[in-house]
Engineer: 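Please read through the structure below; I'll follow up with questions.
Since we're looking at a predicted model, the values are computed, not measured. Note that the numbering runs from 1 along the sequence shown for the chain. Every heavy atom of this structure was used, including side-chain atoms; hydrogens, water molecules and symmetry mates were not.
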Amino acid sequence: MKKISSLLSLVGFLMVVLPGPLYQFAGLGLGTAFTLIRYGLFVAGAALIVMILQILINRKSVDWANLSVFAILALIAVYMPLNMMGKASAVPPIHDITTDVTNPPEFVAVAPLRKDAPNPVNYEGGEVTKQQLEAYPELKTVKLAQPVDEVYQAAEAAVATLGWKRVTDGARENTIEATDTTLWFGFKDDVVIRLTPEGDNTLVDVRSKSRVGKSDLGKNAERINTFMETLRDEL
């Protein structure tokens with residue numbers, strides 16, 4: 001029973017953790033990657049059940065140090081998919097988020113990089129807009145009491161701080177475009193920051209859009225909020 005639980009824990013952990021790097025670096029299909037994660041959850045859950053039975057049946061002979069190590073692996077393998085599922089159920093299945101839903105910033109410099117992406121560069125609007133407004137009512141155009149040149153420099157610094165890769169060829173005036181690559185799966189999400197002068201003030205709009213996937217698990221809205229916070233820190 002000890003060997004069975006240890007093996008199940010290790011296999012479940014690898015089935016959950018490895019699909020990201022394998023998708024990113026080894027060409028594993030996205031559907032296959034998610035299937036592995038789903039089944040890894042079941043394998044890790046089975047490992048935990050076997051561990052509980054092991055404790056109930058052979059409590060006196062349990063190697064607690066060994067059990068703890070493999071229990072942690074199994075718990076990680078259970079937590080990661082459940083966390084993803086929880087996020088997916090808590091946010092709408094959309095992947096294009098903007099602070100200005102009536103006139104969203106356009107991707108220009110980034111557009112050629114997205115030509116083969118499953119998610120097109122255009123803003124769909126309609127139901128997507130409705131779902132965004134319901135889920136993220138706090139995402140709106142931000143008005144800053146600094147001139148556009150000063151905000152532009154701060155925006156550049158914020159992009160650098162966040163580790164996004166700038167895309168400059170063809171970018172419009174007072175607009176910054178960049179790509180953020182997620183750590184686990186290496187998903188590429190594109191961002192466009194539009195600055196509009198209004199007297200001595202500046203209006204800041206941000207749009208973040210995933211290249212693949214129907215739902216972004218709330219990542220694009222989170223990215224916009226993080227940028228806005230970083231921008232204020234840079235001013």
Engineer: Just wondering, do Asp96 and Glu124 contact through their side chains at under 4.5 Å, heavy atoms?
Structural biologist: no
Engineer: Indicate, with yes or no, if Val91 and Val212 share a hydrophobic cluster defined by side-chain heavy-atom contacts under 4.5 Å among Ile, Leu, Val, Met, Phe, Trp and Tyr.
Structural biologist: no
Engineer: Would you say the side chain of Ile55 lies within less than 4.5 Å of the side chain of Leu67, judging by non-hydrogen atoms?
Structural biologist: yes
Engineer: Side-chain contact, heavy-atom cut-off 4.5 Å: Asn58 with Ser61?
Structural biologist: yes
Engineer: What verdict does the side chain to side chain donor-acceptor pair (under 3.5 Å) test give for Arg194 and Thr175, after you've listed the backbone C-alpha separation in whole Å, the side-chain angles of each residue and the deciding distance to 0.1 Å?
Structural biologist: CA-CA 5 Å; Arg194 182 181 66 200; Thr175 300; over 6 Å; no
Engineer: Does atom CD of Glu173 have more than 12 heavy-atom neighbours from other groups under 6.0 Å away?
Structural biologist: no
Engineer: Can you hop from Val101 to Phe107 via hydrophobic side chains spaced under 4.5 Å?
Structural biologist: no
Engineer: Would you say the side chain of Val204 lies within less than 4.5 Å of the side chain of Leu231, judging by non-hydrogen atoms?
Structural biologist: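 Of all side-chain heavy-atom pairs linking Val204 with Leu231, at least one is under 4.5 Å.
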Engineer: Quick one, Arg114 and Asn119 - any side-chain contact, counting heavy atoms below 4.5 Å?
Structural biologist: yes
Engineer: Would you call Glu177 and Arg172 a salt bridge, using N to O less than 4.0 angstrom?
Structural biologist: no
Engineer: Check whether the ring centres of Phe187 and Tyr23 lie less than 6.0 Å apart, and answer yes or no.
Structural biologist: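 Yes, the ring centres sit under 6.0 Å apart.
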Engineer: Say whether Val11 and Val78 are linked into one hydrophobic cluster, either directly or through other cluster members, by side-chain heavy-atom distances under 4.5 angstrom.
Structural biologist: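 Yes, Val11 and Val78 fall within the same hydrophobic cluster.
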Engineer: Is there a path of hydrophobic side-chain contacts, each under 4.5 Å between heavy atoms, that joins Val159 and Val206?
Structural biologist: yes
Engineer: If I take atom OH from residue Tyr39 and atom CE from residue Met15, how far apart are they, to the nearest 0.5 angstrom?
Structural biologist: 9.0 Å
Engineer: Counting C-beta onward and ignoring hydrogens, is there a side-chain heavy-atom pair between Thr99 and Arg207 closer than 4.5 Å?
Structural biologist: no
Engineer: Quick one: which of Thr182, Thr179, Thr181 gives a side chain to side chain donor-acceptor pair (under 3.5 Å) with Lys188?
Structural biologist: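 Only one option passes, and that is Thr181.
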Engineer: Have a look at Thr141 and tell me which of Thr196, Thr98, Asp205, Asp100 forms a side chain to side chain donor-acceptor pair (under 3.5 Å) with it.
Structural biologist: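 Testing each of Thr196, Thr98, Asp205, Asp100 against Thr141, the sole residue satisfying side chain to side chain donor-acceptor pair (under 3.5 Å) is Asp205.
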Engineer: Using the ring centroid of each side chain, check whether Phe25 and Phe185 are separated by less than 6.0 Å.
Structural biologist: no
Engineer: Show the numbers, then the answer: is there a side-chain contact (heavy atoms from CB on, under 4.5 Å) between Ser9 and Met51?
Structural biologist: CA-CA 10 Å; Ser9 297; Met51 288 180 189; 2.8 Å; yes
Engineer: Do Asn220 and Asp189 come close enough that some side-chain heavy atom pair is under 4.5 Å?
Structural biologist: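 Answer yes - side chains close enough.
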Engineer: Which atom names give the shortest non-hydrogen contact between Pro19 and Leu14, and what distance separates them?
Structural biologist: CD-O, 3.7 Å
Engineer: Apply side-chain contact (heavy atoms from CB on, under 4.5 Å) to the pair Ile76 and Tyr79, showing each step before the final yes or no.
Structural biologist: CA-CA 5 Å; Ile76 292 173; Tyr79 170 77; 5.7 Å; no
Engineer: Charged N to carboxylate O below 4.0 Å: is that the case for Asp190 and Arg211?
Structural biologist: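 Answer for the salt bridge query: yes.
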Engineer: Would you find more than 12 non-hydrogen atoms of other residues, nucleotides or ligands less than 6.0 Å from Phe34 atom CZ?
Structural biologist: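 More than 12 within 6.0 Å, yes.
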Engineer: Any link between Leu75 and Val69 through a network of hydrophobic side chains (Ile, Leu, Val, Met, Phe, Trp, Tyr) touching at under 4.5 Å?
Structural biologist: no
Engineer: Determine, step by step, whether Val110 and Val108 satisfy the side-chain contact (heavy atoms from CB on, under 4.5 Å) criterion, reporting the C-alpha distance in whole Å, the side-chain angles of both residues, the deciding distance to 0.1 Å, and the verdict.
Structural biologist: CA-CA 5 Å; Val110 161; Val108 178; over 6 Å; no
Engineer: Heavy-atom count around Leu183 CG within 6.0 Å, excluding the residue itself: above 12?
Structural biologist: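 No.
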Engineer: With a 4.0 Å cut-off on N to O distance, would you call Lys165 and Asp180 a salt bridge?
Structural biologist: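 Looking at Lys165 and Asp180, the cut-off is not met.
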Engineer: Got Phe227 and Arg223 here, is their nearest side-chain heavy-atom distance under 4.5 Å?
Structural biologist: no
Engineer: Show your reasoning for whether side chain to side chain donor-acceptor pair (under 3.5 Å) applies to Gln146 and Thr202.
Structural biologist: CA-CA 6 Å; Gln146 288 88 7; Thr202 301; over 6 Å; no
